[in-house]
Protein chains: 2
Amino acid sequence: MREGDNAYQIIWLTRRLFRALAQKSDESLQDLGISAAERAVMEFLHPDERLSVPEIAERYQVSRQHVQVMVNSLLDAGLLATHKNPRHKRSPLIALTERGKGMFRTIKTRDSKAVRKLFSKVAEKDRQITRKTLESLLEELNSHDH
Amino acid sequence: MREGDNAYQIIWLTRRLFRALAQKSDESLQDLGISAAERAVMEFLHPDERLSVPEIAERYQVSRQHVQVMVNSLLDAGLLATHKNPRHKRSPLIALTERGKGMFRTIKTRDSKAVRKLFSKVAEKDRQITRKTLESLLEELNSHDH
DNA sequence: CATTATTGACAACTCTATTGTCAATAGTTA
DNA sequence: TAACTATTGACAATAGAGTTGTCAATAATG
């Protein structure tokens with residue numbers, strides 16, 4: 001546990017941070033009646049993106065079926081709407097409705113505040129390095145690992 | 001999605017990275033027949049820690065009941081064993097068995113290789129900054145947020 | 001000694017996500 | 001154009017990590 005190793009710690013911290021963030025996020029989303037996974041889907045469509053379910057799945061790097069469930073739920077809630085897809089007749093494009101946009105703006109505003117507070121003690125330069133490091137790790141993981 | 005904002009991106013990357021790491025970790029653990037959550041518990045006991053279930057839960061920041069399930073499963077598998085707890089008669093101390101230690105060494109060896117490869121393109125200085133940044137975020141989240 | 005707290009065991013549930021399957025219909029190619 | 005293949009949406013079953021709640025037993029403590 002008490003490894004001095006930075007690399008190892010970063011991995012461990014990622015897990016911890018993920019859980020802590022997820023919890024926070026859930027709290028914040030609760031009164032809006034949407035889940036973190038639904039929120040993530042909305043993010044891909046914000047503010048005016050039009051994507052089919054399989055396209056969202058690809059970007060989200062999550063199974064098509066999972067995205068479908070989230071999208072259907074958001075359609076039911078009136079936060080998303082379907083539009084004709086010129087590229088595929090059976091697979092409509094999904095976009096935020098006005099209500100959806102409104103809600104996502106609310107979410108974003110809340111998030112911004114929380115994020116600002118969260119990062120208040122981290123220098124901009126360190127943020128950038130951290131971001132690049134994490135990007136590099138993700139890239140390495142996705143680069144056809146063996 | 002395409003925020004230039006480093007802070008926001010770090011949060012997003014944390015999620016993505018977590019999922020990618022979890023997947024990798026699961027793969028690596030599969031043939032050993034233990035789950036990531038069980039592995040995490042083992043980590044707290046490695047190499048010679050003796051902790052009660054509630055103590056592990058506290059360090060792991062996870063519910064006592066959840067840890068109990070993981071510990072019971074590892075006890076059944078012969079990877080952990082109980083020892084008398086001088087501080088509490090009904091709550092034994094849990095420790096790795098020899099088999100448990102052996103298995104965890106295997107896990108660690110594998111991990112070390114993977115981690116080394118994963119971080120091969122990240123400078124030591126950047127690792128440190130990243131680690132400190134993530135630590136700072138976690139601290140901020142746990143610091144009796146409001 | 002009486003009271004309160006802790007523990008282990010069990011259950012029910014949530015959330016995110018996966019895999020598999022199916023029928024319908026779209027693209028594509030011979 | 002007809003035949004074939006791929007994609008899509010819908011549905012189901014499953015898994016993993018974790019939570020909350022409850023209960024009885026037993027510890028610790030005033």
Side-chain angles (χ1 to χ4, degrees), chain A residues 14-30 32-44 51-76 80 82-94, chain B residues 14-30 32-44 51-76 80 82-94:
Chain A
T14 299
R15 290 165 186 271
R16 296 297 269 272
L17 199 51
F18 172 81
R19 289 217 305 115
L21 286 170
Q23 201 176 321
K24 260 271 191 277
S25 176
D26 284 349
E27 274 172 35
S28 163
L29 255 33
Q30 203 162 14
L32 300 174
I34 66 165
S35 71
E38 285 164 349
R39 187 224 125 106
V41 166
M42 290 178 84
E43 183 130 35
F44 284 95
L51 299 171
S52 70
V53 166
E55 282 168 345
I56 299 168
E58 198 182 354
R59 300 201 187 185
Y60 195 1
Q61 303 236 65
V62 144
S63 74
R64 181 173 68 76
Q65 290 89 333
H66 178 55
V67 173
Q68 188 77 55
V69 171
M70 298 302 122
V71 165
N72 288 351
S73 161
L74 290 166
L75 284 169
D76 287 352
L80 300 183
T82 59
H83 300 273
K84 282 203 194 78
N85 184 354
R87 296 190 296 288
H88 198 298
K89 282 199 180 157
R90 248 186 75 218
S91 193
L93 295 178
I94 313 295
Chain B
T14 299
R15 291 166 186 271
R16 295 296 268 274
L17 199 51
F18 171 81
R19 289 216 305 115
L21 286 170
Q23 201 177 321
K24 260 271 192 279
S25 176
D26 284 349
E27 272 172 37
S28 163
L29 254 33
Q30 202 162 13
L32 300 174
I34 67 164
S35 70
E38 285 165 349
R39 187 223 125 109
V41 166
M42 290 178 84
E43 182 129 35
F44 284 95
L51 299 170
S52 70
V53 166
E55 281 167 345
I56 299 169
E58 198 182 356
R59 299 201 187 185
Y60 195 4
Q61 303 235 65
V62 142
S63 74
R64 181 173 66 76
Q65 290 89 334
H66 178 55
V67 173
Q68 188 77 53
V69 171
M70 299 302 121
V71 165
N72 288 352
S73 160
L74 290 167
L75 285 170
D76 287 351
L80 300 183
T82 59
H83 300 272
K84 281 205 196 76
N85 185 353
R87 296 190 297 287
H88 197 298
K89 282 198 182 158
R90 248 187 75 219
S91 192
L93 295 178
I94 313 293

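Every chain is numbered from 1 and lettered A, B, ... according to where its sequence line falls, protein lines coming before strand lines.
Here A/Arg64 lies in heavy-atom contact (under 4.0 Å) with a base. Residue A/His66 is in base contact, counting any heavy-atom pair closer than 4.0 Å across all strands shown. Here B/Ala36 lies in heavy-atom contact (under 4.0 Å) with sugar-phosphate atoms only. Here A/Arg15 lies out of heavy-atom contact (under 4.0 Å) with every strand. Here A/Val69 lies out of heavy-atom contact (under 4.0 Å) with every strand.
Going from atom CG of A/Leu51 over to atom P of D/dT8 covers 13 Å, rounded to whole Å. In this structure, CZ of A/Arg90 is placed 7 Å from P of C/dT25, rounded to the nearest angstrom. Between A/Phe18 atom CZ and D/dA17 atom P there is a gap of 12 Å when expressed in whole angstrom units. Rounded to an integer number of Å, the gap from CD of A/Gln65 to P of D/dG9 is 10 Å. The nearest whole Å value for the distance from the CD atom in B/Glu38 to the P atom in D/dA15 is 14 Å. At whole-Å resolution of the value, CD in B/Gln61 and P in D/dA17 are 18 Å apart. Between B/Asn85 atom CG and C/dT7 atom P there is a gap of 9 Å when expressed in whole angstrom units. With rounding to whole Å, B/Ile56 atom CD1 is found 12 Å from C/dT7 atom P.
Of the side-chain N and O atoms in A/Ser63, none sit less than 4.0 angstrom from OP1 or OP2 of C/dA17. Close to D/dG9, at under 4.0 Å from its OP1 or OP2, lies no side-chain N or O of A/Asn72. For the pair A/Ser91 and C/dA26, the criterion of a side-chain N or O lying under 4.0 Å from OP1 or OP2 is not met. Here B/Tyr60 does not reach the OP1 or OP2 of D/dA17: none of its side-chain N or O atoms lies under 4.0 Å away. Between B/Ser35 and D/dA17 there is a side-chain polar atom (N or O) within less than 4.0 angstrom of OP1 or OP2.
When side chains are defined from C-beta on, B/Glu38 does not count as touching B/Leu29, because their heavy atoms never get closer than 4.5 Å. Using a 4.5 Å heavy-atom cutoff, the side chains of A/Thr14 and A/Leu17 are not in contact. Taking 4.5 Å as the limit, some side-chain heavy atom of B/Arg87 sits within range of a side-chain heavy atom of B/Leu93.
The distance from atom CE of B/Met70 to atom CD1 of B/Ile56, rounded to the nearest 0.5 Å, is 12.0 Å.
Donor-acceptor pairing under 3.5 Å, judged by distance alone, is absent between the side chain of A/Arg19 and the base of D/dA17.
No salt bridge links A/Arg59 with A/Glu55; every basic N to acidic carboxylate O contact stays at or beyond 4.0 Å.
Positionally, the nearest nucleotide of DNA chain C for A/Asp26 lies more toward the 5' end than for the other of A/Asp26 and A/His88. Between A/Pro86 and A/Met70, the one whose closest nucleotide on DNA chain C sits nearer the 5' end is A/Met70.
For the pair B/Asn85 and B/Ser91, the tightest heavy-atom approach, listed with the atom from each and the gap, is ND2-O, 2.8 Å.
Of all nucleotides listed (D/dA10, C/dG8, C/dG27), D/dA10 comes nearest to the side chain of A/Gln68.
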